[in-house]
Amino acid sequence: MASCATSSPAIPRHLAIIMDGNGRWAERRHRPRIVGHRAGARAVNLCIDFCILKGIQALTLFAFSSENWGRPEGEVGALMKLFMNALEREVDELDRRDVRIRFIGERERFSPAIVARMQAAELQTAANDGLQLSIAASYGGRWDITQAARALAADVAAGRLRVEDIDEDALTRRLTLADLPPPDLFIRTGGEMRISNFLLWHLAYTELWFTEALWPELDAATLQGALDHYASRERRFGLTGAQLAPLQESTE
Ligand code: IPE
Ligand code: IPE
Ligand code: MG
């Protein structure tokens, strides 16, 4: 995860999104929350189309958090059905469009049928080098860091790693998404200004953008608004603006 100060390309390489507001979208229409989740699934397709069109290399979507397992049983069950249906319906088309799909999170908590579908989707699209699509499901940033710490401890215990060689890179390599650049831009819909246990480590220097728009209301203009904001940012990575100027000239 390089975090060196260079001029950012106008288009983020990696976009990470908290897709929030499905329930409120439905409640405002006096409909069950699951209707909002269904509408949210349509917004996922719109978002993927937008990223492909813009040449964004990687998209990571927060679909279901570690904490979301605590929602009422009926909502969790309906979400699982929706998830299964989406896997059945969308994977072939995404594969045709050269999208590589992967899932990050504690997948042991899903039913064997869903785990099998996830694995099949990953296998089917593993060689694709178009959009790198990561779905964070049963995911928590704390879980991610914890499993990386456990992997470090296992390597030390097995004699493959010395304690003094544990550094930020060693931990980063054991996190999910280790092969991707960290997100350049983070978007959260639904108006809440929080991270809600998403990619805690990876977001260290990500540009953050929040919108009141609820996820099912997402449109290309909203996404473009986020990209425009991103293009106007000076990413200093702890340096001063004056230090960045010569670096930027040398990369132009
Ligand atoms: C996000 O929408 C989807 C999931 C967390 C699964 P919410 O269901 O959180 O919608 P709001 O925030 O209650 O409106
Ligand atoms: C974050 O949304 C998780 C996902 C969008 C998958 P939540 O709705 O669960 O987050 P909080 O409860 O508002 O923090
Ligand atoms: Mg929410």
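As the structure lists them, so they are numbered: ligands from 1, and atoms in each ligand from 1. Residues: numbered from 1 along the sequence shown. Since this is a predicted model, take the numbers as computed values, not measurements. Only heavy atoms go into these numbers, but all of them, side chains included; no hydrogens, no water, no symmetry mates.
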- Task: Could you find the nearest protein heavy atom to atom 8 (O) of ligand 1 and give me its residue, atom name and distance?
- Result: Arg71 NH1, 2.7 Å

- Message: So if I apply the side-chain hydrogen bond (donor to acceptor under 3.5 Å, both in side chains) rule between Asp184 and each of Gln57, Arg13, Arg233, which one comes out positive?
- Response: Arg13

- Expected output: side-chain His14 to main-chain Pro181 donor-acceptor under 3.5 Å: yes

- Could you list the atoms of ligand 2 found under 4.0 angstrom from a heavy atom of Ile18? 1 (C), 5 (C)

- Look at atom 10 (O) of ligand 1 and say which protein heavy atom is nearest, naming residue and atom and giving the distance to 0.1 Å. Gly23 N, 2.9 Å

- Nearest neighbour in protein (non-hydrogen) for atom 12 (O) of ligand 2: Arg194 NH2, 4.4 Å

- Mode of Glu192 contact toward ligand 1 - side chain, backbone, both, neither (heavy atoms, under 4.0 Å): neither

- Query: Closest non-hydrogen protein atom to atom 14 (O) of ligand 2, residue and atom name please, with distance?
  - Reply: Ser196 OG, 2.6 Å

- Item | Which segment of Glu67 sits under 4.0 Å of ligand 1 when only heavy atoms are counted | neither

- Query: Parallel, tilted or perpendicular: which describes the rings of Phe237 and Tyr205, with under 30° parallel and over 60° perpendicular?
  - Reply: tilted

- Message: Could you report the tightest heavy-atom contact between Glu192 and Phe210, atom names first, then the distance?
- Response: O-CD2, 3.3 Å

- Would Asp144 and Thr176 count as having a side-chain donor-acceptor pair, cut-off 3.5 Å? yes

- Message: Please identify which of these residues, Thr125, Leu131, Asp49, Asp92, meets the side chain to side chain contact (heavy atoms under 4.5 Å, CB included) condition with Arg97.
- Response: Asp49

- Task: Would you mind telling me if ligand 2 is within reach of the side chain of Phe198, the backbone, both or neither, using heavy atoms under 4.0 Å?
- Result: neither

- Message: Strictly distance-based, threshold 3.5 Å: is any side-chain N or O of Thr146 a donor or acceptor partner for the main-chain N or O of Arg142?
- Response: yes

- Query: Only one of Arg102, Arg117, Arg107 forms a salt bridge (charged side-chain N to carboxylate O under 4.0 Å, His left out) with Glu122, so which one is it?
  - Reply: Arg107

- Message: Tell me which N, O or S atom from Asp20 is the closest to the Mg ion (ligand 3).
- Response: OD1

- Logged contact type for Asn68 with ligand 1, heavy-atom cut-off 4.0 Å, is side chain

- Can the ring centres of Phe62 and Trp215 be said to be less than 6.0 Å apart? no

- Task: Just let me know how His37 lines up against ligand 1, side chain, backbone, both or neither, with a heavy-atom cut-off below 4.0 Å.
- Result: side chain

- Item | Phe64: numbered ligand 2 atoms lying under 4.0 Å from its heavy atoms | 6 (C)

- Task: May I ask you to identify the nearest protein heavy atom to atom 13 (O) of ligand 1, giving residue, atom name and distance to one decimal place in Å?
- Result: Arg33 NH2, 2.9 Å

- Item | Heavy atom of the protein closest to atom 1 (C) of ligand 1 (residue, atom name, distance) | Met19 O, 3.1 Å

- Message: One residue to check: Ala63. Relative to ligand 1, which of side chain, backbone, both or neither has a non-hydrogen atom less than 4.0 Å away?
- Response: backbone

- Task: Return the residue, atom name and 0.1 Å-rounded distance of the protein heavy atom closest to atom 7 (P) of ligand 1.
- Result: Asp20 OD1, 3.5 Å

- Task: State whether the number of non-hydrogen atoms from other residues, nucleotides or ligands found under 6.0 Å of Glu73 atom CD is greater than 12.
- Result: no

- Query: Which class fits the ring pair Phe83 and Phe103: parallel under 30°, tilted 30 to 60°, perpendicular over 60°?
  - Reply: perpendicular

- Query: Closer than 4.0 angstrom: is that true for some heavy atom of Gly21 and an atom of ligand 1?
  - Reply: yes

- Item | Heavy atom of Arg24, distance to ligand 2 below 4.0 Å | no

